[in-house]
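Worksheet: one structure, shown below.
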Number of protein chains: 2
Amino acid sequence: MTMTPTLEDVAKRAGVSTATVSRCLNSPEKVVEETRDRVLSVVRDLGYAPNFSARALAARKTQTIGAVIPTMENAIFAQGLQAFQERLGQAGFMLLVASSSYDPDIEEEQIRALVARGADGLLLIGHHRDPNVYKFLETQNVPALLAWTYQTDRPSIGFDNHAAMQALTERALQLGHKRIGVITAPLASNDRARDRVSGIRAALKAAGHPENPLPIIETDYGISNGAAAFDRLMTADLSPTLVICGNDVLAAGALRRAQERGLSVPNDISITGFDGIELANLVTPRLTTVHVPHRTMGEAAAETLIAISQGAWTGESLCLPTEIRFGETLAPPSN
Amino acid sequence: MTMTPTLEDVAKRAGVSTATVSRCLNSPEKVVEETRDRVLSVVRDLGYAPNFSARALAARKTQTIGAVIPTMENAIFAQGLQAFQERLGQAGFMLLVASSSYDPDIEEEQIRALVARGADGLLLIGHHRDPNVYKFLETQNVPALLAWTYQTDRPSIGFDNHAAMQALTERALQLGHKRIGVITAPLASNDRARDRVSGIRAALKAAGHPENPLPIIETDYGISNGAAAFDRLMTADLSPTLVICGNDVLAAGALRRAQERGLSVPNDISITGFDGIELANLVTPRLTTVHVPHRTMGEAAAETLIAISQGAWTGESLCLPTEIRFGETLAPPSN
DNA sequence: TACCAGTGTGTAAGCGCTTACATTGCTTTT
DNA sequence: AAAAGCAATGTAAGCGCTTACACACTGGTA
């Protein structure tokens, strides 16, 4: 097994010191052209690539940003993350991604792993986590930016889940809906979902609705889960005229099952989503949903994190506007 | 600014040597319980986290696997990658992801970056790339596993794009289709797309079809792109009775536009997809498509890469079976 | 009692880089 | 012609870990 070439190998072969080779690679303007050409051609011949660990150890920075997201399968995060990584790449940063499967313990583990790997900064989803995690990040001096949420007490970049869902619900209530069901992602491990549900409750309360018997079905992400949840909602005593879903995927599943059950949407029943992913426009009829600017958020997150890592940051959280996108799944109740 | 604690800080505070602290962390059974407890409690107090770069440098392995995928936004890769990373995580490996936006130069850059970061192995999508890239990987002694493709000359794990598409096309031809159009991802930068199109051509040839005037529209990933491509296909002289799409997303876009144009699918026109993502089942009517076992592939890829990195690998490429999933978008031509 | 194996720790030599500082050999300047 | 400045390069001290090896102690065993 051949050893992979090191800086020293290059230096020896080019007849210079390791310092000069290092300079050729990192600040070429400090080396006279002749030397530089010679060194670089040796680099090419040997197929030399710098050892990142050694470089990071010596230079004390990694040009790496870590992100822990709940899942990669979710189109929401994928799109934002893609934008995030593109922007990072432009600035010469790499992205380390880990996913937690919505499990706080796994998330903490991943955060520690990313910090250990020398991430210059971290992107985290949502705001709710064990205070020790935040303490740990402070001790380690690793800045963390929260996304998909908006908080004033920590650096964050996202939107107001509560207010957005409240606005959508109010709109629906104005149409006269009284019997309402909710399908949401599991609340225990998902603060965005909780914020959205609290937005629904706030709207109900403001409209003077009885608040107790709000049927809520919690289920994992997935179209078929949305469909199953819809069934459960319909077998409850009260058959709703409006089903508010915590995200578009669940809504798409609910919509499909409604149609399979012979219900006409929105004539017999209204259904709303949240997120505004492409899927919302693809189903028939198109979903009425809350549109979230994912790309913008991802790009802004990258810029913010880079700024933080360079010590140039104002410390302001950013709240992006969301907007209700009207499809054809929301209408006044028929009875 | 407080310095983050090092092994030595812990050692000093616990009154032991750095070697002992290191042992407590990496092979606890070698340290007597009393010492270990003392050390670990100091670790906790100080919020110590090992410096990964230093560890990697000293131990000469990173427990990190890199992956370069064309895009994160694509549900196909997302699902496989999620499975990949889950399996890696179980084995104590981390995943470094980079995306290339389907650009070979960017891909090469990303590969170099991942290698420099000490990836113990790489997951790459597809097989076609500059020979120098493979040479570089060999020089660096970094094993690479190709996925979403099946090749016998290099370690790979995937499926036969050509054969799968050929099978689907043959099936369609048996129904009597004569006028056929194709919508595909850009061929230049995507060997899977090329393989699929060559599968179509092979089927046409085998069935004795004239091969030259096969209208092919190349377009980027995206539902609206699929729709636009469908329009272009229909404005061509020959209006097809069958539109074969290179992936489900393009197919979904084509389907939607067909319906918007007042065409009944599959009565007036048949449309097929490829990939078998959830989307295929969500549209109405459901897509007839080729189903690819993404999770299985992702998991197998993880296991293979771990095996390779531990020197325990048989060297066999793996070809997973695909299967035609019949929805309701394929039927005999009406005229 | 002297010897040994076994166990728990310490010592110290790297791992492959970066970078502050020292050195060399020119040009300029005075 | 000597002093000074400057540009290009070399020297070597780490960065924070892992781990081979050395060492000290224990409790058998001969």
Side-chain angles (χ1 to χ4, degrees), chain A residues 2-40 42-43 46-64 113 115-120 140-142, chain B residues 2-40 42-43 46-64 113 115-120 140-142:
Chain A
T2 59
M3 207 50 213
T4 99
T6 69
L7 237 211
E8 205 184 334
D9 296 333
V10 176
K12 224 172 274 170
R13 192 102 107 89
V16 296
S17 73
T18 59
T20 300
V21 180
S22 173
R23 281 189 280 256
C24 284
L25 267 22
N26 300 315
S27 34
E29 76 284 357
K30 289 187 183 165
V31 176
V32 80
E33 188 172 342
E34 190 201 324
T35 316
R36 197 193 321 148
D37 289 349
R38 183 155 36 96
V39 169
L40 291 182
V42 173
V43 165
L46 258 38
Y48 168 80
N51 177 312
F52 172 77
S53 301
R55 187 205 288 259
L57 183 56
R60 247 152 302 206
K61 52 185 172 167
T62 57
Q63 296 282 102
T64 296
V115 167
R117 261 150 229 264
D120 290 339
Q140 293 288 330
N141 212 29
V142 175
Chain B
T2 60
M3 208 49 212
T4 97
T6 71
L7 239 211
E8 205 183 334
D9 297 334
V10 176
K12 224 172 274 170
R13 192 100 105 90
V16 297
S17 73
T18 59
T20 299
V21 179
S22 174
R23 279 189 283 256
C24 282
L25 266 22
N26 300 315
S27 34
E29 75 284 358
K30 289 188 184 163
V31 177
V32 80
E33 190 173 340
E34 190 202 323
T35 317
R36 198 194 320 148
D37 289 350
R38 183 154 38 96
V39 169
L40 291 182
V42 173
V43 165
L46 257 41
Y48 168 79
N51 177 312
F52 172 78
S53 300
R55 187 205 289 257
L57 183 56
R60 244 152 304 200
K61 52 185 172 172
T62 57
Q63 297 281 100
T64 296
V115 167
R117 261 150 231 262
D120 289 339
Q140 293 287 329
N141 211 30
V142 176

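All chains are named by letter (A, B, ...) in the order of the sequence lines, taking the proteins before the strands, and each is independently numbered beginning at 1. Remember, predicted model here, so these are calculated numbers, not experimental data.
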(request) Please report, rounded to the nearest Å, how far the C1' atom of C:dC17 is from the NZ atom of A:Lys61. (result) 14 Å
(message) So, does A:Thr20 get its side chain near the phosphate of D:dG10, meaning an N or O under 4.0 Å from OP1 or OP2?
(response) yes
(request) Using distance alone, with no hydrogens and no angle criterion, decide if A:Thr62 and A:Asp120 have a side-chain donor and acceptor under 3.5 Å apart. (result) yes
(request) Take atom CD of A:Glu8 and atom C1' of D:dT11, then tell me their distance rounded to the nearest Å. (result) 13 Å
(request) Would you please confirm or rule out a distance under 4.0 Å between OP1 or OP2 of D:dT9 and any side-chain N or O of A:Thr35? (result) yes
(request) Looking only at side-chain atoms of A:Ala54, point me to the closest of C:dC17, C:dT9, D:dC17. (result) C:dC17
(request) Give the rounded distance in Å between these two atoms: CZ of B:Arg60 and C1' of C:dG16. (result) 10 Å
(request) May I ask you to check whether over 12 heavy atoms, not counting those of A:Glu29, lie within 6.0 Å of atom CD? (result) yes
(request) Establish whether the base of D:dG10 is bridged to the side chain of A:Arg23 by a donor-acceptor pair shorter than 3.5 Å. (result) yes
(message) With a 4.0 Å cutoff (strictly under), does any side-chain N or O of B:Arg55 reach OP1 or OP2 of D:dT18?
(response) yes
(message) Is there a side-chain contact between A:Thr6 and the phosphate of C:dG16, meaning an N or O under 4.0 Å from OP1 or OP2?
(response) no
(message) Quick check for you: to the nearest 0.5 Å, what is the distance between B:Lys12 atom NZ and B:Ser17 atom OG?
(response) 13.0 Å
(message) The side chain of A:Ala58 is closest to which nucleotide in this list: C:dC17, D:dT9, D:dG16?
(response) C:dC17
(request) State, with a plain yes or no, whether a side-chain heavy atom of B:Tyr48 is found less than 4.5 Å away from one of B:Leu7. (result) yes
(message) I'd like to know if the side chain of B:Arg117 reaches the main chain of A:Phe52, judged simply by a donor and an acceptor atom lying under 3.5 Å from each other, with no hydrogens or angles considered.
(response) no
(message) Using whole Å, what does the distance between atom P of nucleotide C:dC15 and atom CZ of B:Phe52 come to?
(response) 18 Å
(message) Please report the distance, rounded to the nearest Å, between CG in A:Leu57 and P in D:dT18.
(response) 12 Å
(request) In whole angstrom, give the distance that lies between atom CG of A:Asn51 and atom C1' of D:dC17. (result) 13 Å
(request) Indicate, with a heavy-atom threshold strictly under 4.0 Å, whether B:Ser53 touches base, sugar-phosphate, or nothing. (result) nothing
(request) Tell me what B:Ser22 touches on the nucleic acid: a base, only sugar-phosphate, or nothing, going by heavy atoms under 4.0 Å. (result) base
(message) Closest-nucleotide mapping onto DNA chain D: is A:Ala19 or A:Glu29 further toward the 5' terminus? I mean the 5' end.
(response) A:Glu29
(request) Round to a whole Å and report the spacing from CG of A:Leu7 to P of C:dC15. (result) 14 Å
(message) Can you measure B:Asn26 atom CG to D:dG16 atom C1' for me and round it to whole angstrom units?
(response) 13 Å
